[in-house]
Protein chains: 2
Amino acid sequence: MDDRAYIAQRPKRADGQRNYDAILAAARKAFEASGSDASLEEIASQAGVAIGTLYRHFPTRASLVEATTRDGLENLVAQAGRLAADRDPLDALTEWMREAVVHFSTFRGLVGILTQSMYDEGTPSHAMCAAMHRSGADLLRAAQTAGCVRADLTPDELFDLMGAAAWVREQATSGRDGSPRLLRLMLEGITTRPVLPV
Amino acid sequence: MDDRAYIAQRPKRADGQRNYDAILAAARKAFEASGSDASLEEIASQAGVAIGTLYRHFPTRASLVEATTRDGLENLVAQAGRLAADRDPLDALTEWMREAVVHFSTFRGLVGILTQSMYDEGTPSHAMCAAMHRSGADLLRAAQTAGCVRADLTPDELFDLMGAAAWVREQATSGRDGSPRLLRLMLEGITTRPVLPV
DNA sequence: TTGACAACCTGAGGATCCCTCAGTTTGAAT
DNA sequence: ATTCAAACTGAGGGATCCTCAGGTTGTCAA
C-alpha cells in the first residue's frame, strides 16, 4: 500500500546504507550467475561485509531476492500506466506481459519466489507484488472491456500464464527459449482476434 | 533406446536389490513431502541404509529423482499407445496431456528435472524422456493430420506448454490449482475448433 | 560344503552453507 | 567531547553434501 514502507526500512546510518547497497549489488551479480540459491556467504564476501551484516539487512533469502527486483517491479507498475495511456488496450496488455515475463525470469528461481509473494501476505514484497497484480488486472480489464480479450479470463489466470511463460524462459538453456512463442500461443488462446505480428 | 539398459543397471545381488528398492520407496515418500531437494541422508536413514549405499545406487540426486518417476514415464508411453488406438486424435492428445501434467507435478521440483533430462543427453533418464517425447510428438502429429490442431505447433512447443502447466500446478499452494484451467486455455489456443467440455 | 572374490555396505570426516548471537566498533546527535 | 543506538564482526553449532578406506556378505564354482 504505502511504498514508503520500503524506503523507511532501509538503513539510516551512512555505513549501513553503503553496505546495504554493496550487498544488493553483489546479490544481483550472484543471482544472475547462480540463481536464487546462490551462497549468501559468498555474496557477503563479495560485498566486503561479514555474514552477520548481510543477515542484519536481509533476514531471509527471500527478502534479499525480492530487494534485488524491487526496482524492476516498480518499473513494471509505472510502465503499465504509460502503456495504458499510449496504446490501444490489447497492445498495452500484450506488451506489458512481454516485459513482465522478461523481468520475472531475470534469474533462475525468481519467478517462483515472486509467485509465492503474490499470494502470501507477510512476505517482504507482498505489497509490491500486489500492486503489480493490480496493474495487470487493470490492463486486462481494459482489454476485456474493449472486447479484445475473452471476458472469462481472471487476473489470477493471467498471472498463471505469465508465470508459466517465465518459467519456460528460465529453463531455457543456451539456445532454445520457448517463451516468446509460448506467449504468442497463449495470447492467441485468450484473445478474440488474431494477435498482431511481432 | 533399449529399455533393458535400465534394468541391467539395477543391482544384481539380493541385498543390493533389496536396498535399491527400499531407498526408492523412502525417496518417493520424502520427495512427495519435501520436494526434490529433500535430504538424501534422511532418505538413506528412512530406508535403513548408510548414506554411502544410497550414493552407490544413485550417484546423483537427479538419478534418484528420475528413478522414482521411471514407472510413471513408462506408463505415459504405454498410455499414449492406448489412447491413440481408442480415441479420436484430439481427445487422445488432450487426455494424454492432462495425464502427463499430473505426473510431471507429482512433487515439487520434478518438472524442472524432467525438462532438463529431455534435452540433455547424458542424464540417466534421457532415453526414457526421449521416448516420452516421441509419444507426445506422435499424438500431436496425428491430431495435426486430422486437422484438429494448428499445423505450426512443434513437439518442443507442446512440451513447453505441458511443462508450464505442470509448473503452475506445482506452485499451487493449498487451494487454487490453476493448471486445469491453464491447460484448457492452452488447448483453445492450439486447436482449430472448440475443445469439448471437461 | 567350502573357499574365493567381486559386489556391497558402513560411517567417519572434510567441505560448504545456514543462521545466531555475544561482544566490539562507529556514526551522528547533543 | 560525550553518549548510545545502530551497525558490524566472526566464531561456532547444526545440517547436508559427497567421498573413500576398510569391513561384510552374497554367490558361484569346485
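In the text below, chain A, chain B and the rest are named by the order of the sequence lines, each starting its count at 1.
- Note: CG (B/Asp15) to P (D/dT27) measures 7 Å, nearest angstrom.
- A/Tyr55 places its OH atom 15 Å from the P atom of D/dT9, with the value rounded to the nearest Å.
- If you check C/dA28, D/dT27, D/dC17 against the side chain of B/Ala14, the one that comes closest is D/dT27.
- Ring orientation note: the planes of B/His133 and B/Phe159 are close to parallel, at an angle under 30° on the 30°/60° scale.
- Side chain of B/Arg108 to main chain of B/Ser36: no donor-acceptor pair is present (N/O by atom type, distance under 3.5 Å, no hydrogens or angles).
- Salt-bridge check for A/Arg181 with B/Asp156: failed, with every basic side-chain N at 4.0 Å or more from each acidic carboxylate O.
- Look at CD on A/Glu42: it is 15 Å from C1' on C/dC18, rounded to the nearest Å.
- At least one cation-pi condition fails for A/Arg169 and A/Phe104: the charged atom is not both under 6.0 angstrom from the six-membered ring centre and inside a 45 degree cone around its axis.
- Regarding B/Ile43, its CD1 atom lies at a distance of 12 Å from the P atom of D/dC18, rounded to whole Å.
- Residues B/Arg28 and B/Asp71 are paired through a salt bridge, judged by an N-O separation under 4.0 Å between the basic side chain and the carboxylate.
- Regarding contacts with the backbone of D/dA15, every side-chain N or O of B/Ser39 stays at 4.0 angstrom or more from both OP1 and OP2.
- The nearest whole Å value for the distance from the CZ atom in B/Phe58 to the C1' atom in D/dC17 is 17 Å.
- When the side-chain nitrogen and oxygen atoms of B/Thr53 are compared with OP1 and OP2 of C/dT10, one or more of them lie within a distance under 4.0 Å.
- Contact annotation: B/His57 reaches the phosphate of C/dC9 (side-chain N/O to OP1 or OP2, under 4.0 Å).
- To the nearest angstrom, P of D/dC28 lies 11 Å from CZ of B/Arg13.
- At the heavy-atom level, A/Ile51 lies under 4.0 Å from base atoms of the strands shown.
- Checking C/dT10, C/dC19, D/dC18 against the side-chain heavy atoms of A/Glu41 singles out C/dC19 as nearest.
- Atom P of nucleotide D/dT25 and atom CD of B/Gln17 are separated by 19 Å, given to the nearest angstrom.
- The 5' end of DNA chain D is approached more closely, in terms of each residue's nearest nucleotide, by A/Val49 than by the other of B/Gly52 and A/Val49.
- Summarising the geometry, the separation between CG on B/Asn19 and C1' on C/dC9 is reported as 8 Å, rounded to the nearest angstrom.
- OP1 and OP2 of D/dA6 both lie 4.0 Å or more from every side-chain N or O belonging to A/Arg56.
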